[in-house]
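Notes follow once the structure below has been shown.
The sequence lines fix the lettering, A, B, ..., with proteins before strands; numbering per chain opens at 1.
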Amino acid sequence: MGEAAVEAAVLRRAALRMAGTVLVAFIIIAPLSSLVIWSFTHKWFWPHPFPQEMGLFYWKKVLEGDLLRALQSGFLIAVVVTALTLVLTVPLAYLLARYPVPLKAVILMIFLLPHAFPQLPVFVNATTLLYRVNLAARVPGVMLIHMVGALVYAVWTMTAVFKSIPESLEEAAMNLGASRLKTFFTVALPLATPGLIASTLLVFLYSLDEFTGTLLVGSPFILTLPVYMYRTSVGYELQVASIAALILMLPGLLLLVLLERYMKAEYLSMFGRL
Amino acid sequence: MRASSRLLSLAIAAPPLAIVVWLFFLPFLSSAHLSFLRDGAWSLGNYALVWRLYRFDVLYTLWISVVSLVLVLGIAIFLCGYLRIVGHRAVEFLFKVPLFVPFVVVGHGMRVLLAPRGTLNSALAQVGLVDLGDPPSIAFTWLGIVVSLVWKNLALAVLLVLGAYRAVDEAYLEAARNFGASVYRQIKDILLPMAAPSLVVASAFMFTSMLASFSIPLMIGGGEQPQMLMVDVYYRINYQNDLGTANALGMVSYLLAMGVAGYYLRTITVKEF
C-alpha cells in the first residue's frame with residue numbers, strides 16, 4: 001500500500017468512529033433531550049416544529065407545588081431505607097462471604113426471588129398484608145416494600161464486595177492476635193469501603209426510583225417523585241412531568257460520574273451467580 | 001460451627017430474611033392461593049377467564065420480551081466485541097447512561113419522543129421525512145415498548161457482556177489475530193463461546209424483567225388490548241377490583257418466569273459460593 005492509501009484508510013476509520021459516536025450519542029440522548037426541551041416549553045402549538053415560547057415559567061410553577069413535597073418524602077424514604085438496609089446487610093454479607101453458614105444456598109435463593117420474579121402481582125398481595133397491620137398508605141409501609149428490593153440488591157453486591165477482599169489479610173491480623181470483631185473493623189471494613197459506597201449508592205438510587213411498590217402500597221397518600229411523574233405524564237401535563245423526570249434523573253447521572261471511580265463491573269456482574 | 005456462633009449468624013440473618021419472607025414469599029404464596037378462589041370457593045374460574053380474555057395478551061407479552069431480548073443481545077454481543085477488541089471510551093460511557101435513568105423517566109422520555117406529535121416526528125419533518133399532516137406513531141404501539149425496553153436494558157447488557165468479554169484472556173485473541181482473524185471472527189469464534197455462561201445469566205434476568213415490566217408499558221403502551229401482562233394485572237385490580245383474576249394472571253407470569261429461572265439454574269453451578 002502506498003502512503004496516500006494508508007493515510008486514506010486511517011482517515012476513513014477515524015471518520016467511521018466519529019460517525020459511530022454521533023449515532024450512539026443521538027440514540028442515548030434523544031429521549032433525554034426531549035425532556036429538556038419540554039421542560040422549558042411555555043407554548044408549543046402543533047404542528048410547529050419548535051416551541052413558540054420558551055422560559056422558566058413551568059419550573060417556577062412546579063417548584064412551588066406538589067413536586068417539592070414528593071421530592072422531600074421520596075428523599076426521606078430513600079435515606080431511611082438505605083440506612084436500615086446497610087445496618088441489616090453488612091454483617092450478613094460478611095457472614096455469607098466468609099463463613100460456612102448453614103443453608104447458604106437457600107438464603108441466597110430467597111434473596112434472589114424478588115429480583116427473578118414479577119413483582120407487581122406479589123406486591124398487590126403484600127399491600128393486603130400491610131393493610132392488615134395498618135402500615136399501607138403510610139410512609140413506614142412504603143419503606144418496608146422498598147426494603148424488599150433494596151435488601152436483595154445489597155446482599156448480593158455487598159457479599160461480592162467482601163469476597164473480593166483477600167482472606168489472607170484477615171488471617172494475618174488474626175494470627176497476630178486480633179479478635180474477629182477487631183479484624184472486621186480494622187481490616188475487612190476499611191478495605192471494603194469503596195465497594196460498600198458503590199452498593200450503598202445503588203440501594204439509595206433504587207429506593208429513590210422505585211415505582212411499582214410505591215404506587216401500590218403508598219396510594220393514595222404517599223407521593224414520591226416517580227409516582228408524581230407518572231401521574232402528570234399520563235395526565236398530559238407534559239411540562240410538569242418533564243421537569244419531574246429531569247430532577248429524578250439527576251442523582252443517577254451524578255452517581256454515574258462518581259461510579260466511574262468507585263464502581264467496578266464485578267460487583268454488579270456477580271449478581272445472581274450462585 | 002459452634003453453637004454460639006450459630007446463634008449469632010441466625011440473629012444476623014433473621015431480620016432481613018424476615019422482611020423478604022413476609023413481604024415477598026408469603027404474598028407470593030397467597031397469590032397462588034387466591035388465584036384458585038372464586039367467590040370464596042375453590043375453582044378454576046379465574047384461569048378460565050384468563051384464557052378467555054387474556055390469552056393474546058400472554059402471547060403479546062412473550063412476543064415483546066423475545067423481540068426485545070434478541071435485539072438487546074444482538075447489539076450487545078457485537079458492540080461489546082468491538083469495545084473489547086478495538087475500544088471506544090466515549091461510546092462505552094454513553095451506553096452506561098440508561099442504567100441510571102429510572103424506568104418511569106424512560107417511559108415518559110420515549111412518550112415525548114415517539115408520540116405522533118413527538119420530538120422525533122417534528123425533527124424528521126424538518127428534513128422532509130415525515131408528513132406532519134399524517135404523523136406515524138411509534139409510541140402507543142408494541143414497537144414503542146420494544147424501543148424503550150431495548151434502550152433501558154442495553155446498558156445492563158453492555159455492562160454484563162463487556163465484563164464477561166474482559167475476563168477472556170488476551171492471548172486467545174492475539175493468537176486469532178496472528179492467523180488473520182477479523183474483528184467479527186474474533187467475536188464469533190472466541191469471545192462469544194467463552195462468555196456464553198455469563199450471557200445466559202444476563203439473558204435470563206433481562207427476559208424476566210421484560211416479561212414483568214410495568215411502568216414502561218403502562219406509559220407507552222396503547223390504551224386498548226393487547227396489553228402486557230403486568231398492565232392487565234394492574235387494571236384488573238384498579239378498575240375491576242378482581243383479585244382472583246389478577247392473581248391468576250400473576251400466576252401465569254410466575255410460571256413464565258419460572259421456566260426461564262429453571263433454565264438459568266441448570267446453567268449455573270452452585271459451587272462458586
Side-chain angles (χ1 to χ4, degrees), chain A residues 20-21 24-25 28 30-32 34-35 37-38 46-47 49 88-89 91-92 95 101 104-105 107-108 110-111 113-114 116-122 124-126 129 144-145 147-148 151 209 211-212 226 229-230 233-234 238 241-242 245 248-249 252-253 255-256 265-266 268-269 272-274, chain B residues 1 9 12-13 15-17 19-21 23-28 30-31 88 90-91 94 96-98 100-106 108-113 117 119 122 125-126 132 159-160 163 201 205 208 211-212 214-215 219 230 233-234 237 246-247 250 253-254 257 261 268 270 272-273:
Chain A
T21 316
V24 170
I28 299 296
L32 308 179
S34 307
L35 298 176
I37 298 176
W38 265 107
W46 187 253
L88 291 182
T89 317
L92 178 63
L95 202 70
V101 182
K104 188 186 283 191
I107 293 177
L108 282 168
I110 290 175
F111 280 110
L113 208 65
F117 279 90
Q119 291 186 340
L120 179 85
V122 180
V124 168
N125 294 291
L129 288 182
L144 276 168
I145 208 75
M147 283 196 67
V148 174
L151 285 170
D209 298 346
F211 173 69
T212 309
M229 210 223 80
Y230 159 71
S233 177
V234 294
L238 292 186
S242 301
L248 192 57
M249 218 167 63
L253 291 183
L255 188 66
L256 176 60
E266 59 253 40
L268 263 187
S269 59
R273 303 211 60 185
L274 278 176
Chain B
M1 241 187 202
S9 54
I12 286 173
L17 269 176
I19 293 179
V20 174
V21 168
L23 291 176
F24 204 89
F25 204 67
L26 288 183
F28 187 75
S30 96
S31 185
H88 199 313
V91 166
L94 279 169
K96 281 188 202 153
V97 171
F100 296 92
V101 178
F103 280 95
V104 272
V105 174
V106 177
H108 176 65
M110 287 295 179
R111 205 178 146 94
V112 173
L113 179 72
R117 298 180 171 193
T119 334
S122 203
Q126 294 314 295
L132 284 187
L159 197 74
L160 294 176
V201 179
F205 265 98
T208 48
L211 206 72
F214 169 57
S215 53
M219 293 174 82
M230 292 303 114
V233 173
Y234 183 67
I237 285 162
N247 278 311
S253 72
Y254 306 148
I268 299 311
V270 184
E272 271 179 57
F273 252 93

Among B:Phe25, B:Phe214, B:Phe28, residue most engaged with chain A (heavy-atom pairs, under 4.5 Å): B:Phe214
Pairwise side-chain contact, B:Pro16 with A:Thr89, heavy-atom cut-off 4.5 Å (strictly under): no
Residue list, side-chain hydrogen bond (donor to acceptor under 3.5 Å, both in side chains) with B:Ser253, at least two apart or on another chain: none
OG-CG distance between B:Ser215 and A:Asp209, expressed to the nearest 0.5 angstrom: 10.5 Å
Which atoms of A:Leu151 approach chain B - backbone, side chain, both or neither, heavy atom under 4.5 Å: side chain
Greatest number of heavy atom pairs closer than 4.5 Å to chain B - which of A:Ile28, A:Val124, A:Leu32: A:Ile28
CG on B:Leu113 to CD1 on A:Ile37, rounded to 0.5 Å: 9.5 Å
Option that, when pairs with chain B are counted at under 4.5 Å, heavy atom only, ranks first among A:Asn125, A:Leu120, A:Leu92: A:Asn125
Residue B:Ala90 versus chain A: region with a heavy atom under 4.5 Å: side chain
Beyond-backbone contact of B:Leu17 with A:Ile110, side-chain heavy atoms, under 4.5 angstrom: yes
Choice from B:Leu23, B:Ile237, B:Val21, B:Val91 maximising heavy atom contacts with chain A below 4.5 Å: B:Leu23
Option in B:Leu26, B:Leu211, B:Val104, B:Val106 with maximal non-hydrogen atom pairs under 4.5 Å from chain A: B:Val104
Shortest non-hydrogen separation from A:Leu35 to B:Gly109 and the atoms involved: CD2-CA, 3.7 Å
Residue among A:Leu238, A:Leu144, A:Ile107 with most heavy-atom pairs under 4.5 Å to chain B: A:Leu144
Taking every non-hydrogen atom, the tightest pair across B:Pro15 and A:Leu88: CB-CD2, 3.8 Å
For chain B, the option from A:Ala245, A:Pro226, A:Pro114 that forms the most heavy-atom pairs under 4.5 Å: A:Pro114
Chain B interface, residue from A:Gly252, A:Pro118, A:Ala116 that has the most non-hydrogen pairs under 4.5 Å: A:Pro118
Within-4.5 Å side-chain heavy-atom neighbours: A:Thr212 and B:Phe103: no
Contacts of A:Ser233 that satisfy side-chain hydrogen bond (donor to acceptor under 3.5 Å, both in side chains) - sequence neighbours left out: B:His108, B:Arg111
Nearest-0.5 Å distance, CG of residue A:Leu95 to OG of residue B:Ser9: 5.0 Å
Test log, rule side chain to side chain contact (heavy atoms under 4.5 Å, CB included), inputs A:Leu113 and B:Val20: CA-CA 9 Å; A:Leu113 208 65; B:Val20 174; 5.9 Å; no
